[in-house]
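Accompanying notes for the structure given below.
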2 protein chains.
Amino acid sequence: MADIKPIGKALFLREEELRRGIELMFFAYRDFTGEADSILAEQNMGRAHHRAIYFIGRNPGITVSELLAILNITKQSLSRVLSALVETGHVEQHTGPEDRRQRLLYLTDAGATLESRLTAVQGRRFAKAYREAGMTAVEGFQRVLEGLLDAETRRQASETGRTRHPDHRGGE
Amino acid sequence: MADIKPIGKALFLREEELRRGIELMFFAYRDFTGEADSILAEQNMGRAHHRAIYFIGRNPGITVSELLAILNITKQSLSRVLSALVETGHVEQHTGPEDRRQRLLYLTDAGATLESRLTAVQGRRFAKAYREAGMTAVEGFQRVLEGLLDAETRRQASETGRTRHPDHRGGE
DNA sequence: AATTAAGGTCAACATGGCTGACATAAAACC
DNA sequence: GGTTTTATGTCAGCCATGTTGACCTTAATT
């Protein structure tokens with residue numbers, strides 16, 4: 001099975017090859033999110049809640065504006081989700097110490113627990129795919145996905161993960 | 001397992017590596033669909049319409065049930081979208097010649113035109129990403145995406161693209 | 001013929017995008 | 001220091017698209 005080489009070597013940009021990519025992308029994304037969606041449904045949440053929880057967990061103390069820049073949705077949409085998450089006790093908002101207009105966002109313990117659970121199922125799926133495909137494939141996978149990004153996203157993505165605020169939630 | 005060279009050095013399934021995959025998947029999918037979404041918005045359509053048009057184009061004469069199996073949504077959801085597409089003249093329904101309960105689906109010329117346009121922008125994005133990443137990377141990309149699929153999807157995916165009906169739309 | 005099953009549609013609900021209007025806090029102007 | 005402008009975030013209401021439930025039509029079973 002090692003010789004899957006869909007492309008003997010000739011041009012691999014033929015229509016069929018491209019359609020294969022388009023379709024794989026659709027199916028893979030759907031299945032990739034499917035398990036998490038089920039967990040979320042149990043809690044009466046949706047994908048939007050997941051994304052907020054995920055990136056708040058990644059960037060404790062992130063502001064609504066910063067989160068917006070990552071998610072690329074309107075602040076009104078995000079606001080609705082955040083209100084729900086605060087309501088259910090998964091997220092805490094603290095007024096910014098410097099700029100009191102800001103709400104710094106943190107996961108509560110419940111939020112962190114849910115985040116772990118969701119990331120765990122998605123991580124397991126990736127771990128399996130990565131393991132089966134092998135290291136070289138993983139590298140290629142990442143390379144192609146990066147190539148699919150908008151220039152703007154690529155710029156931002158390089159910043160994500162940088163803990164922007166040294167974290168101080170629950171400290172008190 | 002075929003003894004997969006331990007990545008340069010350590011295990012590569014660490015949390016950070018997995019999170020990178022999760023995040024790339026999110027951003028790439030969003031950007032990948034973004035351009036098509038804009039075109040669709042012009043026509044007062046959404047992603048659901050796109051998917052229907054895409055797979056009908058791929059499988060002329062497909063039945064609603066078969067399309068459902070590909071899309072994995074409820075038939076009620078699909079029905080709404082199909083009605084709209086028939087209404088706007090992008091899709092034609094022909095009663096099945098064998099089984100008169102069935103509606104065989106075909107793109108009209110307008111539908112085919114729109115499909116081409118949408119596939120073209122997504123194809124261009126893939127062509128660029130593939131070109132930049134190189135053949136080996138593309139192979140890895142496909143391998144990993146396949147690994148992310150549910151077993152069920154993988155089974156079905158191998159069938160997609162098989163022109164199931166020899167096409168006879170517009171034959172009259 | 002009567003029942004059961006399969007293919008589709010209609011209605012009503014929830015999620016999560018969107019835009020518009022707005023409150024509050026900070027910054028800029030003077 | 002008061003006024004205006006700008007930035008951050010919320011509330012309200014619309015639209016797209018997923019869901020379930022009720023239903024019609026046609027085919028298959030008996």
Side-chain angles (χ1 to χ4, degrees), chain A residues 26 29-31 33-34 36-56 61-88 91-105, chain B residues 26 29-31 33-34 36-56 61-88 91-105:
Chain A
F26 165 61
Y29 190 76
R30 188 191 61 191
D31 291 353
T33 53
D37 286 349
S38 301
I39 294 175
L40 290 160
E42 288 170 13
Q43 325 254 334
N44 289 308
M45 294 189 196
R47 232 175 256 184
H49 302 80
H50 184 185
R51 298 199 268 257
I53 287 178
Y54 182 89
F55 287 107
I56 292 170
I62 192 174
T63 65
V64 173
S65 284
E66 291 168 328
L67 187 49
L68 240 29
I70 294 176
L71 297 176
N72 243 15
I73 57 176
T74 58
K75 59 182 172 177
Q76 295 89 328
S77 296
L78 177 56
S79 179
R80 190 199 302 127
V81 167
L82 285 179
S83 302
L85 289 173
V86 168
E87 187 69 26
T88 56
V91 167
E92 279 178 16
Q93 293 178 328
H94 296 297
T95 300
E98 309 285 295
D99 185 336
R100 301 198 8 255
R101 291 172 300 184
Q102 299 178 336
R103 305 276 172 273
L104 308 191
L105 305 169
Chain B
F26 165 61
Y29 191 76
R30 187 191 61 191
D31 290 353
T33 53
D37 286 349
S38 301
I39 294 175
L40 290 159
E42 288 170 14
Q43 326 254 333
N44 290 307
M45 294 189 197
R47 237 175 250 184
H49 302 81
H50 184 186
R51 298 199 269 257
I53 286 178
Y54 182 88
F55 287 107
I56 293 171
I62 192 174
T63 64
V64 172
S65 284
E66 291 168 329
L67 187 48
L68 239 28
I70 293 175
L71 297 177
N72 244 15
I73 57 176
T74 57
K75 59 182 172 178
Q76 294 89 329
S77 295
L78 178 56
S79 179
R80 190 199 301 125
V81 168
L82 285 179
S83 302
L85 289 173
V86 168
E87 187 70 25
T88 55
V91 167
E92 278 179 16
Q93 293 178 329
H94 296 296
T95 301
E98 308 286 294
D99 185 336
R100 301 196 10 254
R101 291 171 301 183
Q102 299 178 336
R103 306 275 172 274
L104 308 192
L105 305 170

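Note on naming: letters A, B, ... go to the chains in the order of the sequence lines (proteins, then strands), and numbering restarts at 1 for each one.
Taking the side-chain contact (heavy atoms from CB on, under 4.5 Å) definition, one finds that Arg101(B) meets it with Asp99(B), sequence neighbours left out. Not counting sequence neighbours, the partners of Thr95(B) by the side-chain contact (heavy atoms from CB on, under 4.5 Å) test are Arg100(B), Arg103(B).
Rounded to whole angstrom, the span from the CG atom of Leu68(B) across to the C1' atom of dT9(C) amounts to 12 Å. As a whole-Å value, the separation of Leu78(A) CG from dT8(D) P is 13 Å. At whole-Å resolution of the value, CD1 in Ile53(A) and P in dG16(C) are 11 Å apart. For Leu105(B) and dG8(C), the CG to C1' distance is 11 Å, given to the nearest whole Å. Leu104(B) has its CG atom 14 Å from the C1' atom of dT26(D), to the nearest Å. Taking atom CG on Leu40(B) and atom P on dC18(C), their separation rounds to 15 Å, with Å as the unit. The CZ-P distance, from Arg30(B) to dG16(C), rounds to 17 Å in whole Å. We find that NE2 of His50(A) is positioned 12 Å from P of dG16(C), with the value rounded to whole Å.
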Quick one: which protein N/O atoms are closer than 3.5 Å to N/O atoms of nucleotides 1-7 of chain C? Pair and distance per line, please.
from	atom 1	to	atom 2	distance (Å)
dA6(C)	N3	Arg101(B)	NH1	3.2

Listed pairs, N/O of protein and of nucleotides 13-17 of chain D, under 3.5 Å:
from	atom 1	to	atom 2	distance (Å)
dT17(D)	OP1	Gly46(B)	N	3.4
dT17(D)	OP1	Arg47(B)	N	2.8
dT17(D)	OP1	Ala48(B)	N	3.4
dT17(D)	OP2	His49(B)	ND1	3.1

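Cation-pi geometry between Arg51(B) and Phe55(B) is not met: the NZ or CZ atom fails to fall both under 6.0 Å from the ring centre and inside 45° of the normal.
Using cut-offs of 30° and 60° on the angle between ring planes, the pair Tyr29(A) and Tyr29(B) is parallel.
Within the 4.5 Å cutoff, no side-chain heavy atoms of Ile62(A) are placed close to those of Leu104(A). Taking the side chain as every heavy atom from C-beta outward, Leu105(B) and Leu85(B) never approach each other to under 4.5 Å.
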Please tabulate, one pair per line, all N/O donor-acceptor pairs under 3.5 Å involving side-chain atoms of residues 40-49 of chain A, not counting sequence neighbours.
from	atom 1	to	atom 2	distance (Å)
Glu42(A)	OE1	Arg117(A)	NH2	3.3
Arg47(A)	NE	Asp37(A)	OD1	3.3
Arg47(A)	NE	Asp37(A)	OD2	3.3
Arg47(A)	NH2	Thr33(A)	OG1	3.1
Arg47(A)	NH2	Asp37(A)	OD2	2.7
His49(A)	ND1	Gly46(A)	N	2.9

Determine all donor-acceptor pairs shorter than 3.5 Å in which one atom belongs to a side chain in residues 72-82 of chain A; sequence neighbours excluded.
from	atom 1	to	atom 2	distance (Å)
Thr74(A)	OG1	Ser77(A)	N	3.3
Thr74(A)	OG1	Ser77(A)	OG	3.0

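In terms of phosphate contacts, Arg100(B) brings a side-chain nitrogen or oxygen within less than 4.0 Å of OP1 or OP2 of dA27(D). Side-chain N/O atoms of Gln93(B) include one lying less than 4.0 angstrom from OP1 or OP2 on dT9(C).
The structure places CG of Leu71(B) at 5.5 Å from CZ of Phe26(A), a figure rounded to the nearest 0.5 Å.
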